[in-house]
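Okay, so here's the structure we're looking at.
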Amino acid sequence: MNTMETYTTPDGRTIGGPVMEMKNITLRFGGVVAIKDISFDIREGEIRAIIGPNGAGKSSMLNVMNGFYHPQEGEVFFHGKKRGPLRPYQIAEQGVARTFQNIALFKGMSTLDNIMCGRLTHSKTRFLSHLLWKGKAEAEESANREKVEKIIDFLEIQTIRKTPVGRLPYGLQKRVELGRALAAEPSLLLLDEPMAGMNVEEKEDMSRFILDVNDEFGTTIALIEHDMGVVMDIADRVVVMDYGKKIGDGTPAEVLANQDVIDAYLGVAHD
Amino acid sequence: MAKMEVLDVSLDSFPKLLARNATKFGNRPAYREKEYGIWQTWTWAEVRAEVEALALGFLGLGMEKGDHVAIAGRNRPHFYWSMLAAQYVGAVPVPVYQDAVAEEMAYVLDHCSAKFAIVEDQEQVDKILEIEEQVPGLKHVIYVDRRGLRKYDHTTLHAFATIQETGRAKHDEYQPELDSRVAAAAPDDTCVMLYTSGTTGRPKGVVMSNYNMLMTAKNSCEFDNLNETDTVLAYLPMAWVGDFIFSVAQAMWTGFCVACPESPETMQHDLREIGPTYFFAPPRFFEGLLTSVMIRMEDAGDFKRKMFHKYMDHAKKVGPELLDGKLVSGSDRLQYLIGKALVYGPLLNTLGMSKVRVGYTAGEAIGPEIFEFYRSLGINLKQLYGQTEACVYITQQPDGEVRADTVGVPSPGVEVQIADSGEVFYRSPGVFQEYYKNPESTADTKDAEGWVATGDAGFFDTDTGHLRIIDRAKDVGKMAGGAMFAPKFVENKLKFYPDILECVVFGNGRDNCTAFINIDLTAVGNWAERNNIAYASYQELAGHPKVLDSIQSHVEAVNKSVAMDEMLSGCQIHRFLILHKELDADDGELTRTRKVRRVVIEDKFKVLIDGLYDGSDNVFIETEVTYEDGRKGSISATLELRDAAVVPVNVRMAAE
């Protein structure tokens, strides 16, 4: 499957060529090997999941993908170009946005302001013109606000537009964080455990939003998730990690049939 | 039939009214909707263009005269336009409750053989697709919000915008046909069909003619001097007759502006931004609002709280009189003015009611304290009594004759009679044509002379000439001892307590009365927080002994007040319990307009009723509940049953 240029999902979407390619990535923290010689790719328009038990190296992988960690060995290709060590803001400017496992919002700021922050990479006007509120600054702010309002509408969070996010329940904070990532209009969206700690209803909502984001904006999404049920329902292809190694890669059905995966992660199958 | 007043031929259908508004009020706002954080506005001229494009698109889909078009969505201009566009082509709009579960919706769509459905979003489309097989007549489904629907099969599914585009593109081809359809509309043609939720049995489709709706709009607008400068907030279910009257019929008749909230949850906020001049809300809305004001005042600082209470006391004393234009002393007036600057004005502003010129409440009795609270603030809140079958209006209170315990005098054009049985009958230009495909029910309700049975028992107050409603006629019964039993009378008294949301009183044919009570989670939850009472769920809070104690004190207070009434002193509550779940429309316990369905409740909670009458202290019950997505689950609980003190009736008689 990895060698194919494009493929079609069972629900009829056409998935394009690779957006990001990870080639033989190895990441070490001192003597600890977090990721060992892993290769896989993420294709345009797909929902790619990375799963694995605790400590499998999933979050480290995500941090490599968004350039926060630099692997000791291996290469990352983004849109076909090899990516060297970059500062986080440079990665963001390249069109990679992410959410965090333990929510990293500005607690005292409103939902609206938090999502507006996501527009930062699309702001071209400088500090001084904002201060003077002259020329392009005003027009740009209006355009950004319009984008943000569309996201608020999309995620159905109109009610909490002006509410400080610290006061919101967990599930809604997760949604606001997704909104902030979307505001950057990323070409690759990384979601770190988007359903962690949610109840069934919140998980269903979040799954729907992830599918809708992919459908509506055509955003390529890579997500890490614990909840097998969710992953199997929404992902097009799944990478399975265990102890820093890749033990499976393929469609949810292929992964579920993989004996290594069953043994290492899902446990022995019952009748 | 009584002699009918005739409508001006240029104003005898909604398309004609829209044409008039587009010319006369072309640049005035017709519809507003908050979308993307700002109020989007359409003028009457723009609305006409939108509606006509849609109507042309409908012709393209093959919509015929008399076809039924189901409409399911929250209050949005698109749905109001859809209703108007359907009327352009001579089709009949049938608004349905968008929160109805699939099975209920299937029944309505099948019953009216809907050929078209216009819905809001993916959720509604999924619901329609789920019931497609039960509604064989359904040809096309149109949706407004395209999110998540891209991958769906679009052979019979269409986007609202696409239909309008097709309509615009085919303008030259279809316009002559559309013009002839509009010209063919007659006053007797069906204007809209509304399904009444009904407290018993299946919903019935109430057929309304253009004449019914327009005549009612004309009379009611004249009664309250509504005009094109007024604004109304459309937030009540579109399937309810009141929304059709307020947001379509009256708006079209006078040309006033209809504002649609951003989402149901932001209604309160949007209300404040819009500041409507004409406002309708059911009593529960005013109760809820008052509860939240009081809770917030409890949290306020000492100074503010004292100031609030001092001036509210004064407002209670003179506010209603000032509103009625009665004579009030100069110093009282001055103090009221100070109060207005310090308390009433800011409060009204927060509530979004600064500009309310005409406010109505109806549907249930409103607590006198609640009613007086709003009146004392200077809001011209009035009561009306109405029904779907009457296009809402039967009686209403004229300015200056407002009382908490009556529902007013017959509305213009309405005749009201009280039958010997005590049941209220009326006849008016608004009286419905028939129940769709249900001649028996039509004959049961409406006689040959056009008199309609309301099903409510009431009488005219001899002093004021205002109508007073006692209860549903069929709910009024006799107790074993022969005393009159009117459950609503007692329930309303109980519901006036902010911590009681809903209650159901039993006792027909029994020796004494008992009650089920639902607590109000907002009020009781706040109280629990204040008193350091921890609870994990509604059920746990409802079973808390302290909650039971406080409810018991309310029940006993109500008993005292009931005992004062000569006719109904037998209705005192001897035993009660607090239900472990909130009564819910999804479980069939309430109607979609939140009226109690006694028969369903009696049947479902039979164990509990038996427990109340056999003297047991605890009863175990397991109840099936329906979640919003239609799945079922069950909850179980052991409920504590309590005795309440009653006032011996003969003692009171002896004292007299």
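Remember, it's a predicted structure, so these values are computed and weren't measured experimentally. Hydrogens, waters and symmetry mates play no part in the numbers below; they use all other heavy atoms, side chains included. Naming convention: chains lettered A, B, ... in sequence-line order (proteins, then strands); numbering from 1 in each chain.
- Environment of CD in B:E622: crowded, with over 12 heavy atoms of neighbouring residues, nucleotides or ligands closer than 6.0 Å.
- At a heavy-atom separation below 4.5 angstrom, chain B is approached by A:E204, A:R208, A:F209, A:D212, A:D215 within residues 184-215 of chain A.
- Counted within 6.0 Å of NZ on B:K581, heavy atoms from surrounding residues, nucleotides or ligands total more than 12; the atom is thus considered enclosed.
- Counting heavy atoms of neighbouring residues, nucleotides and ligands inside a 6.0 Å radius, atom NZ of A:K107 exceeds 12 of them.
- Within residues 139-158 of chain A, the residues having any heavy atom under 4.5 Å from a heavy atom of chain B are, by residue number, A:E149, A:K150, A:D153, A:F154, A:L155, A:E156, A:Q158.
- Below 4.5 Å, heavy atoms of chain B meet no heavy atom from residues 108-123 of chain A.
- Contacts of A:Q94 classified as side-chain hydrogen bond (donor to acceptor under 3.5 Å, both in side chains), with partners at least two apart in sequence or in another chain: none.
- Other residues, nucleotides and ligands contribute over 12 non-hydrogen atoms within 6.0 Å of the CZ atom of B:R147.
- Counting non-hydrogen atoms of other residues, nucleotides and ligands closer than 6.0 Å to NZ of B:K151 gives a total above 12.
- Heavy atoms from other residues, nucleotides or ligands lying under 6.0 Å from CD of B:E265 number more than 12.
- Taken to the nearest 0.5 Å, the NE2 atom of B:H269 stands 10.5 Å off from the OG1 atom of A:T159.
- Counting non-hydrogen atoms of neighbouring residues, nucleotides and ligands closer than 6.0 angstrom, the CZ atom of B:R150 exceeds 12 such neighbours.
- Surrounding CZ of B:R530 are more than 12 heavy atoms belonging to other residues, nucleotides or ligands, all under 6.0 Å away.
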